[in-house]
Amino acid sequence: MGPLTRLAHNENPLGASPKAIEAIRRAAVSASMYPDPSGYELKSAIGERFGVGLDNVILGNGSADLIQLLGLALISSDEDEVLVSDPCYPRYRVTARVGRCRLVQVPLNANMKHDLPALMNAVSERTRIVFLDVPHSPTGTIVSAESVRALVARLPPRAAFVLDEAYREFAAGDSLLPDSVELFREFGSVVGLRTFSKAYGLAGVRLGYGFCPAWVARAIEEVREPFNVNAIAQAAGIAALGDQEHVERTVALTHRNMARLIEGLNAIGLNTTSSKANFVLTNLKRPAAPVAQELRARGIATRTVEGSRLQEYLRISVGTEQQVEAVVSELDDILRFCN
Ligand SMILES: *Cc1c(COP(=O)(O)O)cnc(C)c1O
């Protein structure tokens with residue numbers, strides 16, 4: 001059997017930008033030195049690109065690190081609440097657990113989207129953090145900027161609103177898509193989280209960033225490890241930001257192969273949610289775990305949705321054309337002949 005076909009983590013099938021790889025090589029020469037703890041150059045590059053001041057940029061060892069740092073910085077009592085959708089990105093749950101506070105989960109609506117009115121109803125005086133990923137994982141669905149703004153406008157002042165934009169680049173062409181840079185300017189409690197792991201193809205380097213009001217940046221500063229973003233990641237991030245062509249190539253390839261993947265799944269009788277990210281969620285109409293296990297035995301890694309009601313759903317990353325063909329054909333075979 002050949003190498004594992006990796007369709008479980010929404011990685012970039014084109015790999016990292018050649019410019020980022022070159023920057024990593026150059027940075028390796030200085031590996032004996034501690035990184036810049038302030039991440040000044042990288043923050044400047046991010047600030048410049050998105051028109052945000054340095055005091056409003058945060059950096060993390062992946063955006064997963066920033067999710068946890070937000071919990072450490074903002075949760076102070078076991079009566080505090082973290083509000084998320086169900087299902088949600090697993091780090092949000094861990095953040096509430098590590099903070100020893102309450103996790104409040106609100107099911108997605110019938111269209112598999114964040115249920116913003118129900119989330120609003122679940123907000124209380126104890127809500128400290130609302131995590132909302134748009135596009136949402138594992139469904140890939142989005143909610144409109146307008147509906148997000150309506151929720152944020154009604155949050156109590158002590159509740160931070162975190163817009164996780166891990167898949168933003170794939171959906172950026174959609175005029176409905178919320179934008180954390182706009183939101184954090186308008187409201188004093190909005191945090192935007194972005195990552196170099198998906199469209200930029202640097203998942204292995206671990207680099208996330210975000211935008212937030214200065215008070216949140218200061219609160220994170222008090223709890224983070226000073227060298228949480230290593231020197232190689234800082235160099236890679238600067239180079240990757242400077243290679244938007246690579247992001248554009250990635251997004252174009254993803255859209256093309258997403259269409260192929262959906263068409264292939266439809267042809268074998270499977271529906272998908274309307275994903276704006278770089279993966280699809282498909283309803284197998286039977287328990288997904290054994291199917292994922294069989295796919296894995298055949299050399300293809302995909303993702304089930306643990307700990308949720310979506311036990312019959314499988315998440316498949318959009319890979320190369322060849323990978324798309326392989327996963328559809330193996331799925332077809334498994335669904336036909338195995339039970
Ligand atoms: C992948 C992902 C992240 C980012 O992961 P990092 O690699 O830690 O930057 C954040 N949120 C969601 C919803 C994701 O799917």
Side-chain angles (χ1 to χ4, degrees), residues 6-13 15-16 20 39 42 46 57-71 82-96 98 105 108 112-114 129-143 148 161-171 177-178 180 191-212 220 224-225 228-230 232-234 236-237 240-241 247 250 254 273 275-281 301-308 310 313 315-318:
R6 297 171 60 92
L7 302 178
H9 295 286
N10 308 331
E11 293 156 345
N12 188 327
L42 174 57
I46 291 169
V57 178
I58 46 178
L59 302 175
N61 185 38
S63 54
D65 182 34
L66 287 171
I67 292 167
Q68 282 185 204
L69 287 172
L70 284 165
V82 170
L83 177 60
V84 298
S85 289
D86 181 15
C88 74
Y89 184 58
R91 275 296 110 188
Y92 308 155
R93 280 202 306 267
V94 174
T95 298
V98 171
Q105 286 199 273
L108 299 178
M112 304 283 261
K113 296 183 175 192
H114 291 297
I129 309 178
V130 182
F131 286 110
L132 201 78
D133 49 351
V134 183
H136 170 255
S137 177
T139 63
T141 58
I142 67 168
V143 287
V148 170
F161 178 81
V162 180
L163 185 66
D164 182 342
E165 302 177 299
Y167 301 99
R168 167 180 183 86
E169 292 83 0
F170 301 103
L177 193 73
S180 65
V191 179
L193 294 183
R194 298 188 181 183
T195 181
F196 284 92
S197 295
K198 308 285 162 55
Y200 286 91
L202 289 170
V205 164
R206 312 305 300 130
L207 182 59
Y209 62 105
F211 311 110
C212 64
I220 286 178
R224 81 177 174 98
E225 195 272 306
N228 65 331
V229 179
N230 72 71
I232 298 201
Q234 292 188 29
L241 265 185
V247 175
T250 298
T254 301
T273 52
S275 173
K276 303 280 183 182
N278 64 345
F279 55 84
V280 298
L281 187 71
T302 56
R303 191 70 171 264
T304 54
V305 190
E306 306 102 32
S308 81
L310 306 183
Y313 287 77
R315 194 188 75 182
I316 306 170
S317 306
V318 174

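For the single chain, residues carry numbers from 1 onward in sequence order. Counting starts at 1 for both ligands and their atoms, following the listed order. Keep in mind the model is a prediction, meaning the values are calculated, not measured.
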- Message: Assess, by modelled atom type and distance only, whether the side chains of H136 and D164 contain a donor and an acceptor separated by less than 3.5 Å.
- Response: no

- Do T273 and S275 have side-chain atoms, one donor and one acceptor, less than 3.5 Å apart?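 Their side chains do not contain a donor-acceptor pair, so the 3.5 Å distance test is not met.
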
- Note on the structure: Within the 4.0 Å heavy-atom cut-off, what A64 brings close to ligand 1 is both

- If you measure from each non-hydrogen atom of Y167 to ligand 1, which part falls under 4.0 Å: side chain, backbone, both or neither? side chain

Indicate yes or no for a side-chain donor-acceptor contact from [X] to the backbone of [Y] under 3.5 Å, with no hydrogens or angles considered.
X: R303; Y: L7; value: no
X: Q105; Y: S85; value: yes
X: R315; Y: A8; value: yes
X: S317; Y: N10; value: yes
X: E225; Y: N228; value: yes

- Item | Atom indices of ligand 1 within 4.0 angstrom of D133 heavy atoms, with elements |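 With D133 as reference, the close atoms of ligand 1 come out as 13 (C).
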
- Identify, by atom number and element, the atoms of ligand 1 in contact range of A166, meaning under 4.0 Å from any of its heavy atoms. 2 (C), 3 (C), 10 (C), 11 (N), 12 (C), 14 (C)

What protein heavy atom sits nearest [atom], and how far away is it?
atom: atom 4 (C) of ligand 1; result: S63 OG, 3.0 Å
atom: atom 14 (C) of ligand 1; result: K198 NZ, 3.2 Å
atom: atom 7 (O) of ligand 1; result: S197 OG, 2.6 Å
atom: atom 11 (N) of ligand 1; result: D164 OD2, 2.6 Å

- Message: Just to check, does R206 reach to within less than 4.0 Å of ligand 1 when the distance is taken from its heavy atoms?
- Response: yes

- Under 3.5 Å between some N or O of ligand 1 and some N or O of T195? yes

